[in-house]
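Letters A, B, ... are given to chains in the order of the sequence lines, protein chains preceding strands, and every chain is numbered from 1.
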Amino acid sequence: MPRASHPPLDLDFDAPSEVVARALIGVTLLVDGVGGRIVETEAYDRDDPASHTFGGPTPRNAAMFGPSGRAYVYRSYGIHWCLNVVCREAGHGAGVLIRAIEPTMGIARMQARRGLDDLRLLCAGPGRVGQALGIDGSFNGKALDAPPFVLIPIDGEQPAVQVEVGPRIGISKAADVPWRFGEKGSRFLSKPFRTVPRAV
DNA sequence: AGGTAGATGTTCT
DNA sequence: GAACATCTACCTA
């Protein structure tokens, strides 16, 4: 039977970022009612050469050193806005990059923002997610359990989400660390997971 | 299918 | 000045 409100999220944002990154797969993320199911994430941590927090606190990464469960939004390549979920206790400097979403809510709105109809490419990549959800720098530091954000847990009645793991994308340091997570078989990923070795 | 280049701005050395 | 947690368009097959 339908519920009037959602149960509390079974997510501990103080957990290590790779744990949170995996747990977020299948969770629905909405911004002003627009978004869908998270199908791809990446974990970053303080002692991680690929992380923005590797060198310690700076003005840009301040939100990553703040309380968990808030947003860290940064500008990528001067063009895109990318959204992270801050993890660990305040001061630690860990987070999860939201890399891809399966569009379910406010699809027309996202298509208009992206100037693109193809559902598969609507939110398939961190920059695309940012554009589709209307993320910009003003969201940096905002709590994810309060408007305009909504996080909806995985329905316990549904079969468990199958998660694949692989190396992170688009980084040059620690490129072999398997901290990319995605829903197995999803067609909304930014890139497929290569479970089978490429043919020679 | 896969490679390359260019856009565009902020951050940090 | 270099690097960058990216995306798109435009090549070549």
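In this structure, the side chains of A/Ile154 and A/Val161 come closer than 4.5 Å at one or more pairs of heavy atoms. Taking the side chain as every heavy atom from C-beta outward, A/Met110 and A/Ile101 never approach each other to under 4.5 Å.
The salt bridge (Lys or Arg N to Asp or Glu O under 4.0 Å) check on A/Arg180 picks up A/Glu40, with sequence neighbours excluded. Residues satisfying the side chain to side chain contact (heavy atoms under 4.5 Å, CB included) test with A/Pro167, not counting sequence neighbours, are none.
For DNA chain C, none of the residues of residues 175-192 of chain A falls under the heavy-atom distance limit of 4.0 Å. For the contact set between residues 113-127 of chain A and DNA chain C, defined by any heavy atom under 4.0 Å, the members are A/Arg114, A/Gly125, A/Pro126, A/Gly127. Proximity of residues 39-47 of chain A to DNA chain C (heavy atom under 4.0 angstrom from any strand atom) is restricted to A/Tyr44. Within residues 88-104 of chain A, no residue approaches DNA chain B, by heavy-atom distance under 4.0 Å.
With rounding to the nearest 0.5 Å, the separation of CZ in A/Arg99 from NZ in A/Lys191 is 7.5 Å. Here A/Asp136 contributes atom CG and A/Leu83 contributes atom CG; the two are 11.0 Å apart, rounded to the nearest 0.5 Å. Rounded to the nearest 0.5 Å, atoms CZ (A/Arg37) and OG1 (A/Thr104) are 8.5 Å apart. How far CD of A/Gln162 is from OG of A/Ser186: 12.5 Å, rounded to the nearest 0.5 Å. The distance from the CD1 atom of A/Ile38 to the SG atom of A/Cys123 is 11.0 Å, given to the nearest 0.5 Å. Rounded to the nearest 0.5 Å, atoms CG (A/Leu119) and CD (A/Glu102) are 9.5 Å apart.
The hydrophobic cluster around A/Leu121 extends to A/Leu116, counting ILVMFWY residues whose side-chain heavy atoms fall within less than 4.5 Å of a member. Other cluster members for A/Ile171: A/Tyr44, A/Met64, A/Tyr72, A/Tyr74, A/Val86, A/Leu97, joined by side-chain heavy-atom distances under 4.5 Å among Ile, Leu, Val, Met, Phe, Trp and Tyr.
Although no hydrogens or angles enter the test, the distance criterion places a donor-acceptor pair under 3.5 Å between the side chain of A/Asn61 and the main chain of A/Gly56. The backbone N or O of A/Pro148 lies less than 3.5 Å from no partner atom in the side chain of A/Asp32, so there is not a single donor-acceptor pair. Panel note: side chain A/Arg113, backbone A/Ala132; a donor-acceptor pair is recorded below 3.5 Å.
A donor and an acceptor atom, one from each side chain of A/Ser68 and A/Asp14, are located under 3.5 Å apart.
Remark: A/Arg114 CZ is packed, more than 12 non-hydrogen atoms of other residues, nucleotides or ligands lying under 6.0 Å away.
If you chain together hydrophobic residues whose side chains sit under 4.5 Å apart, A/Met105 and A/Ile152 fall into the same group.
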Query raised in the report: Which dot-bracket string describes DNA chain B (Watson-Crick N1-N3 plus N6-O4 or O6-N4, or G-U N1-O2 and O6-N3, all under 3.5 Å; [ ] crossing; | other strand)?
Result: |||||||.||||.

Query raised in the report: Please walk me through it: do A/Val85 and A/Thr41 pass side-chain contact (heavy atoms from CB on, under 4.5 Å)?
Result: CA-CA 10 Å; A/Val85 180; A/Thr41 60; over 6 Å; no

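The list of side-chain hydrogen bond (donor to acceptor under 3.5 Å, both in side chains) pairs with a residue in residues 19-28 of chain A, not counting sequence neighbours, is empty.
Protein chain A touches strand DNA chain C; the 5'-most and 3'-most nucleotides with an atom under 4.0 angstrom of its non-hydrogen atoms are C/dC4 to C/dT8.
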Query raised in the report: When you check every protein heavy atom under 4.0 Å of nucleotides 6-13 of chain B, what one-letter string (B, S, -) results, 5' to 3'?
Result: -BBB-SS-

